[in-house]
Asks: 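Please see the structure below; I have some questions.
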Amino acid sequence: NITYSTLITCLKKCRKFDRAIEWFERMYKTGVMPDEVTYSAILDVYAKLGKKEEVLSLYERGRSNGWKPDPVAFSVLAKMFGEAGDYDGIQYVLKEMKNLEVKPNVVVYNTLLEAMGKTGKPGLARSLFEEMVESGLEPNEKTLTALIKIYGKARWSKDALELWGRMREKKWPMDFVLYNTLLSMCADLGLEAEAEELFDEMKRRRKSGRCPDNWSYTAMINIYGSGGKADRALEMFNEMLASGVGPN
RNA sequence: AGGACGUAAUGU
């Protein structure tokens, strides 16, 4: 089944979903039993096709055949429900993990947080995040990006700024995507001074992979533009060119 | 190891 799973994943990467399904069925007919990797790969295929019914029936079929879903399988389910904006589905994932005593890992938390953002539940996202930290898991860049985006959309500037403070205090990992997300959040909430501080930090800690790119500059131009500071916006544009970053 | 996760602005 490693051979089959490899092939299914390969077809999935090429977005040849129908062919991936054909090979899964072929494997089944040949009498080769799917394992946990095969299951999450094929569930992801159906999920990417938006076939919620098939995903759930395959999940139940696997369960009755003695398959114990692992965190990867739950992240596939969570992502699908998030994209469908299906809040009940998200609750189902949480319930199943509890019932089967599967401990969520960072990726599962990230996916669930994002899903809660997409279904417009910032409060639940916040408590899930606290639960994650209390369980002793360290958030990564993607966790923090998801939360900042959620707080920004909810216009929860207090929570967003507090979280930024915790990132620095606890030395949680930050990369350029997270910085850009923080900048966009500041742009949306009109936090000009905070944006400038973040932007300076990006330039100072030029630890490769954190220096401003054209998304960062665009965010700054946006901040100055919506604040009516056209001259500052133009300065940013020129600075961008001078630092070797091209406009898109 | 054969499986899962993250960012903006403009224009209609």
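Chain identifiers are assigned alphabetically (A, B, ...) following the order of the sequence lines, protein sequences preceding nucleic acid strands; residue numbering begins at 1 within each chain.
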Asks: Expressed in angstrom and rounded to an integer, what is the separation of Leu112(A) atom CG from rA4(B) atom P?
Replies: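 Checked: the CG to P distance equals 17 Å.
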Asks: Quick one: which of rG6(B), rG2(B), rA8(B) gets closest to the side chain of Lys79(A)?
Replies: rG6(B)
Asks: Does a side-chain N-to-carboxylate-O contact under 4.0 Å join Glu25(A) and Lys29(A)?
Replies: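 The answer is no: the pair does not qualify as a salt bridge.
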Asks: Is it the case that rA4(B) (base atoms only) and Ser75(A) (side chain only) share a donor and an acceptor within less than 3.5 Å, ignoring hydrogens and angles?
Replies: yes
Asks: Measure the distance from CD1 on Ile221(A) to P on rU7(B) and round it to the nearest whole Å.
Replies: 21 Å
Asks: Regarding rG6(B), can its base be found pairing with the side chain of Asn140(A) as donor and acceptor, where the two atoms are less than 3.5 Å apart?
Replies: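 Counting by modelled atom types and ignoring angles, no donor-acceptor contact under 3.5 Å is found here.
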Asks: NZ of Lys68(A) versus P of rG3(B): gap in Å, rounded?
Replies: 21 Å
Asks: May I ask you to check whether Tyr39(A) and Tyr59(A) place their ring centres under 6.0 Å from each other?
Replies: no
Asks: If I take atom CG in residue Leu43(A) and atom C1' in nucleotide rA4(B), what distance separates them, rounded to the nearest angstrom?
Replies: 11 Å
Asks: Heavy atoms only, 4.0 Å cut-off, all strands: where does Thr111(A) land among base, sugar-phosphate and nothing?
Replies: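 Sugar-phosphate, no base atom in range.
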Asks: Lys153(A) near the nucleic acid: base, sugar-phosphate alone, or nothing, with a heavy-atom cut-off under 4.0 Å?
Replies: nothing
Asks: Do Asn105(A) and rA4(B) have a side chain to base donor-acceptor pair shorter than 3.5 Å?
Replies: yes
Asks: What nucleotide, of rA4(B), rG2(B), rG6(B), holds the atom closest to the side chain of Lys142(A)?
Replies: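 My answer, after comparing the listed nucleotides, is rG6(B).
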Asks: Are Arg232(A) and Phe199(A) in a cation-pi contact, defined as NZ or CZ under 6.0 Å from the six-membered ring centre and within 45° of the axis?
Replies: no
Asks: Within this structure, what is the CD-to-P distance between Glu36(A) and rA4(B), rounded to whole angstrom?
Replies: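 Rounded to whole Å, this separation is 14 Å.
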Asks: By nearest atom, which of the nucleotides rG6(B), rU7(B), rA9(B) is closest to the Leu178(A) side chain?
Replies: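 Minimum distance to the Leu178(A) side chain belongs to rG6(B).
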Asks: Go through rA9(B), rC5(B), rG2(B) for me and flag the one nearest to the Asn248(A) side chain.
Replies: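 Among the listed nucleotides, the one closest to the side chain of Asn248(A) is rA9(B).
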Asks: Write down the distance between CG (Asn222(A)) and P (rU7(B)), rounded to a whole number of angstrom.
Replies: 17 Å
Asks: Going by atom types alone, do Tyr224(A) and Glu192(A) pair a side-chain donor with an acceptor below 3.5 Å?
Replies: no
Asks: Check whether any side-chain heavy atom of Leu163(A) sits under 4.5 Å from a side-chain heavy atom of Trp172(A), and report yes or no.
Replies: yes
Asks: With distance as the sole criterion, do the side chain of Asn1(A) and the base of rG2(B) form a donor-acceptor contact below 3.5 Å?
Replies: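 There is none.
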Asks: Could you state the CG-P distance from Leu189(A) to rA9(B), rounded to the nearest angstrom?
Replies: 12 Å
Asks: Using the side-chain heavy atoms of Val76(A), tell me which of these nucleotides is nearest: rU7(B), rA4(B), rG6(B).
Replies: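 Per side-chain heavy atoms of Val76(A), the pick is rA4(B).
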Asks: Are any non-hydrogen side-chain atoms of Met27(A) and Pro34(A) less than 4.5 angstrom apart?
Replies: yes
Asks: Under 4.0 angstrom, heavy atoms only, what part of the nucleic acid is Thr3(A) near: base, sugar-phosphate, or nothing?
Replies: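 It contacts nothing in the nucleic acid.
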Asks: Side chain of Ser40(A), base of rG3(B): donor and acceptor closer than 3.5 Å?
Replies: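 In this structure, the two groups form a donor-acceptor pair.
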Asks: Considering only side-chain heavy atoms of Glu114(A), which listed nucleotide, rC5(B), rG3(B), rA9(B), is closest?
Replies: rC5(B)
Asks: Under 4.0 Å, heavy atoms only, any strand: does Ser5(A) hit a base, just the sugar-phosphate, or nothing?
Replies: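 Answer is base: heavy atoms of Ser5(A) come under 4.0 Å of a base.
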Asks: Rounded to the Å, how far apart are Leu113(A) CG and rU7(B) P?
Replies: 13 Å
Asks: Look at the side chain of Val107(A) and decide which nucleotide, out of rA8(B), rG6(B), rC5(B), has an atom nearest to it.
Replies: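 Shortest atom-to-atom distance from the side chain points to rC5(B).
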